[in-house]
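Everything below concerns the one structure shown next.
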Amino acid sequence: MLKIKLMNKIAKVGTDVLTNRYEVSANVENEDAIMVRSANLHELPFGKNLRAIARCGAGVNNIPIDKCTEAGVVVFNTPGANANAVKELAIAALVLASRDIIGGVKWVETLAGQENVAKTVEAGKSAFVGHELAGKTLGVIGLGAIGGMVANAAISLGMSVMGYDPYITAKAAWSLAPSVKQASDYIDIFKNCDYISLHVPATPQTKNMINAKTIAQMKNGARVLNLARADLVNAEDVKAALKLKKLAAYVTDFPTDETAGAEGVIAIPHLGASTVESEDHCAVMAAQQLDEFLLCGNIRNSVNFPSVGIPMSDKPRVCIMNKNIPNMLTQITSAFSAENINIENLANGSKGEIAYTIVETNVAAHGEILNKLAAIEGVFGVREFD
């Protein structure tokens, strides 16, 4: 029986996907796979049986990706499963950035126990006058599953929308409303937009992309929304811009020591994916991907291995992990033919320096062919399914 270790509380609708073929618990040892949400795995020792880690969410900052790849551990995430939840929070963030609802609510709380509260409210509400979203321009940086949905939602709110994503997929482009304008670069967004919403991953290239220099390129009174990652923004530069009124508001779903309680900052306690529906969607998607990989070797939505799959059949199959180097596929197929084993189906893909191959054969591969495959220079993982 395969063992799956839960590093966080995972929605039951997800773990129910993993049938009686699995032992699923927070207490299992020598696990074959891990399901995780926010737990930090960087210091976790890997057992010899570990084959996969499934992150119930999109971000994988809590997982040591390089270490996993070296160990032949496939890391899955669940892109798009929490997109609607984050989109809805982004709409709330747009409103919170425009109207001092939080300040107004806090003020009303101070009136508790006083007489004539309604009269006091009418006299004092002018201190919380805000702005409407309709007619304003939103710049969306990153047009993936979440950014695209935010762009479309903003259009329906009467906003003009500019989007920029140098890596946009054809599927994401087709899902955008026709009225979303394509920006030529980040500067185009900064110069022309009243609101800027960030929806890109944290990478060395995107770290501190919002800083003193880029803020200087923005409109006076621009409002910045960051529901992606704290590292995208230089907190000290943003606070300085808020103090000088260069920025009118900064809304983030990733509070830090620098931003918690800072003037002009609306810090939400990482609630983007915190809905019952989102947690269910992520758990189910993660469990399905683990189940498919553990049972037949197919890979979908991995951050460190390519997506490669062959529909389930009754044919034996061998899955090979290897470095993406010349002549590798020829060596793999030659190893089978040398043993007089016929290849019925083959699927291969690469992702950067890593490649993955699934080979279906007419007969089960025996120990000798498996040893020959493992001995090929650059191969670091061989697994048989029969």
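What's counted below: heavy atoms across the whole structure, side chains too, no hydrogens, waters or symmetry copies.
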| said: We want to know whether Y195 and S98 form a side-chain donor-acceptor pair, criterion being a heavy-atom distance below 3.5 angstrom. | reply: yes

| said: Are there over 12 heavy-atom neighbours, none belonging to R383, within less than 6.0 Å of that residue's CZ? | reply: yes

| Going through the checks in order, is the side chain to side chain donor-acceptor pair (under 3.5 Å) test met by R317 and N298? | CA-CA 11 Å; R317 63 174 61 185; N298 288 347; 3.1 Å; yes

| query | Is the CD atom of Q114 crowded by more than 12 outside heavy atoms at less than 6.0 Å? | reply | yes

| If you count the non-hydrogen atoms of other residues, nucleotides and ligands that lie under 6.0 Å from CD in Q217, is the total more than 12? | yes

| message | Tell me whether K181 at atom NZ has more than 12 heavy atoms from other residues, nucleotides or ligands lying less than 6.0 Å away. | response | no

| Audit row: E344, N342, side chain to side chain donor-acceptor pair (under 3.5 Å) steps and yes/no | CA-CA 6 Å; E344 302 282 334; N342 188 52; 3.2 Å; yes

| L225 with L271, same ILVMFWY side-chain cluster at under 4.5 Å | yes

| query | Should the pair Y186 and Y164 be assigned to parallel (<30°), tilted (30 to 60°) or perpendicular (>60°) ring geometry? | reply | perpendicular

| query | Cluster question for you: counting only ILVMFWY and a side-chain heavy-atom cut-off of under 4.5 Å, with indirect links fine, are F385 and V318 together? | reply | no

| task | Assess the side chains of N220 and K246: does a donor N or O sit below 3.5 Å from an acceptor N or O? | result | yes

| query | Is there a side-chain contact between E292 and R300, using heavy atoms and a 4.5 Å cut-off? | reply | yes

| Are more than 12 heavy atoms from other residues, nucleotides or ligands located less than 6.0 Å from atom NE2 of H366? | yes

| query | Taking atom OG of S302 and atom CG of N77, what is their separation to the nearest 0.5 Å? | reply | 8.0 Å

| Given the rule that I, L, V, M, F, W and Y join up when any side-chain heavy atoms are under 4.5 Å apart, are L294 and I53 in one cluster? | no

| message | Looking only at side-chain N and O atoms, does Q289 offer a donor or acceptor that is under 3.5 Å from a partner on N301? | response | yes

| query | Are F254 and M209 grouped together when hydrophobic residues (ILVMFWY) are joined by side-chain heavy atoms under 4.5 angstrom apart? | reply | no

| request: Decide if atom CD of E132 counts as having more than 12 heavy atoms of other residues, nucleotides or ligands within a radius under 6.0 Å. | output: no

| request: Would you indicate whether the side-chain heavy atoms of S179 and V161 approach each other to under 4.5 Å? | output: no

| query | When you check the side-chain N and O atoms of T256 and T259, is any donor under 3.5 Å from an acceptor? | reply | yes

| Geometric cation-pi criterion K323 and F380, 6.0 Å radius, 45° cone | no

| Would you say the side-chain atoms of D291 and Y22 include a donor-acceptor pair closer than 3.5 Å? | yes

| Parallel, tilted or perpendicular: ring planes of F293 versus Y356, cut at 30 and 60 degrees | tilted

| request: Consider only side-chain heavy atoms of I, L, V, M, F, W and Y, link residues closer than 4.5 Å, and tell whether F190 and L138 are in one cluster. | output: no

| request: With rounding to the nearest 0.5 Å, note down the distance linking OG1 in T275 to NE2 in H281. | output: 7.0 Å

| query | Under 6.0 Å from the NZ atom of K191, do we count more than 12 heavy atoms belonging to anything else shown? | reply | no

